[in-house]
Amino acid sequence: MSGASAMDTDDRTETPLARLLRRQILADGPQPVSAIMALALTHPEAGYYTTRDPFGARGDFTTAPEISQIFGELVGLFFLQHWLDLGAPAPLHLVELGPGRGTLMADALRAAALRPAFGAALRLHLVEVSPVLKAAQARALGSVSPRWHGHAGSALAAAEAEGGALFVLGNEFLDALPIRQFVHARGAFRERLVGLAPDGAFTFGLGGPVPSGIIDPPAGAASEGTLLERCPEAEALLARLAGLFRTRMGLALFIDYGSSEDGTGDTLQAMAAHGPAPVLEALGGQDLTAHVNFARLRARARAEGAAVHGPVTQGAFLEALGLSARAARLAERGADADILAGARRLADPSGMGTLFKAMAIGPEGAPPPPGFDTALDRPAPDRRSRP
Ligand code: SAH
């Protein structure tokens, strides 16, 4: 960009969100990574999720329920079985966080309809920021009269006020929550910020030292260049759920990609057209996500008194719930090759089988949920790329 300064960058090449952010940085200075991620994904007029349906071949990425109907069916049977194990409590508040197109819930409820009492007890809550995806969810799930909420807190408050059991489901929800990043530099951890380079491009920088005690680094992590990620919203959500499960029966199931270990390193990534993209480019026009730190979420939920199951790999979890048997039955009935290939992709280590993990939290002392006790975990290195 020869001869351009921060002020005269060509506006026409920028996304609306990038223009907005540029103005904010010029007015208020560099912004933390978490603020960038929150704006880029959920700004009401210019955010990524708020302005589009990102899934499918013509979109930017795909998710397990969009790959295979078996995923949602097994999740539905998982909840149905656990609800029966708890004595079929009613009402049953089922809260889905970030339901996308509603495909997962539609497949799950079709499978759970095996027991009509489940549907009769069901009060469905959908937590969604995107008007575009809300409309898709209304098409897929309108017949069960869901209630929509703009954030998890309001869905949980509604369920809490009305009593009954609480089931929560989030597939690829936690990875969309804003992360903060901290880099150890010049003797201290400093928050990673996004500002403007002299040529007007967005660029990473570092703020002042953060007070000790804020980030609780793993042992040995304080060496020059170490990067830590923290997801305060995810940790607060797990703590809130653990608190609810002190007095209420139910279960929360999270499936997402990430690590079972509390590691270090930069996992922030952008996805566009099914491939990785530079994270500070086309802000608001491409997906931004980060690996879920299951170890920290697990520790947080346990510290608040909940029982935690897993994390186990998605492949082991789905196999324990009967993935192969279900795929074989569909094959016998002449299901097309796509359905079977999709089922394999969910569990295959080269697909989503080991990078993705399942973790559940519930009340201490309750019957264990299906799938976790028999899941034979196959440890595998956590890869950075998203299939
Ligand atoms: N569970 C779906 C979609 C996953 S994509 C599936 O498996 O296909 C993430 C979903 O979370 C989208 O529906 C997105 O709009 C929603 N979302 C992202 N950030 C959110 C937030 N902060 N609050 C509520 N919903 C959010």
Side-chain angles (χ1 to χ4, degrees), residues 17 34-57 59-76 79 94-109 124-141 146-156 168-179 231-237 240 252-258 269-272 274 284 286-290 292 314 318 342 345-346 352 355-358 386-387:
L17 197 282
S34 53
I36 307 297
M37 201 171 162
L39 279 175
L41 293 181
T42 61
H43 183 277
E45 282 96 43
Y48 177 73
Y49 281 116
T50 31
T51 55
R52 83 203 65 218
D53 175 339
F55 309 106
D60 292 318
F61 63 95
T62 191
T63 57
E66 300 297 335
I67 290 172
S68 169
Q69 65 181 68
I70 301 179
F71 183 80
E73 290 166 353
L74 293 177
V75 167
F79 278 116
L94 175 54
V95 177
E96 187 176 2
L97 305 168
R101 287 176 171 169
T103 310
L104 167 55
M105 187 53 73
D107 291 339
L109 294 183
L124 183 61
H125 302 262
L126 303 177
V127 176
E128 181 55 72
V129 274
S130 166
V132 181
L133 293 173
K134 246 187 237 177
Q137 291 155 23
R139 286 192 293 276
L141 296 163
R147 269 185 274 170
W148 276 273
H149 304 264
H151 50 89
S154 103
L156 296 178
V168 177
L169 170 62
N171 185 59
E172 291 216 44
F173 173 74
L174 299 175
D175 71 59
L177 296 180
I179 55 155
C231 188
E233 276 187 50
E235 291 195 25
L237 173 64
R240 168 102 166 92
L253 173 67
F254 292 99
I255 303 175
D256 222 308
Y257 76 126
Q269 60 185 322
M271 290 287 291
H274 297 266
Q286 59 190 24
D287 189 25
L288 275 184
T289 104
V292 173
Q314 172 171 299
L318 295 178
R345 190 169 157 198
L346 297 181
M352 306 173 84
L355 176 62
F356 282 71
K357 312 285 188 300
R386 193 176 179 187

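Numbering of ligands and ligand atoms starts at 1, following listing order. All figures in this text were calculated on a predicted structure; none of them were measured in a lab. Along the sequence shown, residues carry numbers from 1.
In terms of modelled atom types and a separation under 3.5 Å, the side chain of Gln314 and the main chain of Leu346 share a donor-acceptor contact. Side chain of Asp60 to backbone of Gln286: no donor-acceptor contact under 3.5 angstrom is found.
Between the OG1 atom of Thr62 and the NE2 atom of His274 there is a distance of 6.5 Å, given to the nearest 0.5 Å.
Ranked by closest heavy atom to atom 24 (C) of ligand 1, the top entry among Phe173, Tyr49, Phe71 is Phe173.
Near Glu172, the atoms of ligand 1 lying under 4.0 angstrom from a non-hydrogen atom of the residue are 4 (C), 5 (S), 9 (C). Near Gly100, the atoms of ligand 1 lying under 4.0 angstrom from a non-hydrogen atom of the residue are 2 (C), 3 (C), 13 (O). Near Leu133, the atoms of ligand 1 lying under 4.0 angstrom from a non-hydrogen atom of the residue are 12 (C), 13 (O), 15 (O).
There is no side-chain donor-acceptor pair under 3.5 Å between Glu172 and Thr63.
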> Between Val132 and Thr51, does a side-chain contact (heavy atoms from CB on, under 4.5 Å) hold up when you go through it step by step?
Replying inline: CA-CA 6 Å; Val132 181; Thr51 55; 5.6 Å; no
> Could you walk me through whether Leu174 and Leu97 pass the side-chain contact (heavy atoms from CB on, under 4.5 Å) check?
Replying inline: CA-CA 9 Å; Leu174 299 175; Leu97 305 168; 5.8 Å; no
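Under 4.0 Å is where a charged nitrogen must lie from a carboxylate oxygen, and between Arg101 and Asp53 at least one such pair does.
Both the backbone and the side chain of Asn171 come within 4.0 Å of ligand 1, judged by heavy-atom distances. Using a 4.0 Å cut-off between heavy atoms, Val129 contacts ligand 1 through both its backbone and its side chain.
Heavy-atom separations between Leu104 and ligand 1 are all 4.0 Å or longer. Proximity of Glu128 to ligand 1 is established by a heavy-atom distance of less than 4.0 Å. Residue contacts with ligand 1: Leu41 is excluded, as none of its non-hydrogen atoms falls under 4.0 Å.
Considering backbone and side-chain N/O atoms, Thr63 comes within less than 3.5 Å of an N/O atom of ligand 1. Considering backbone and side-chain atoms alike, Ala176 places every N or O at 3.5 Å or more from each N or O of ligand 1.
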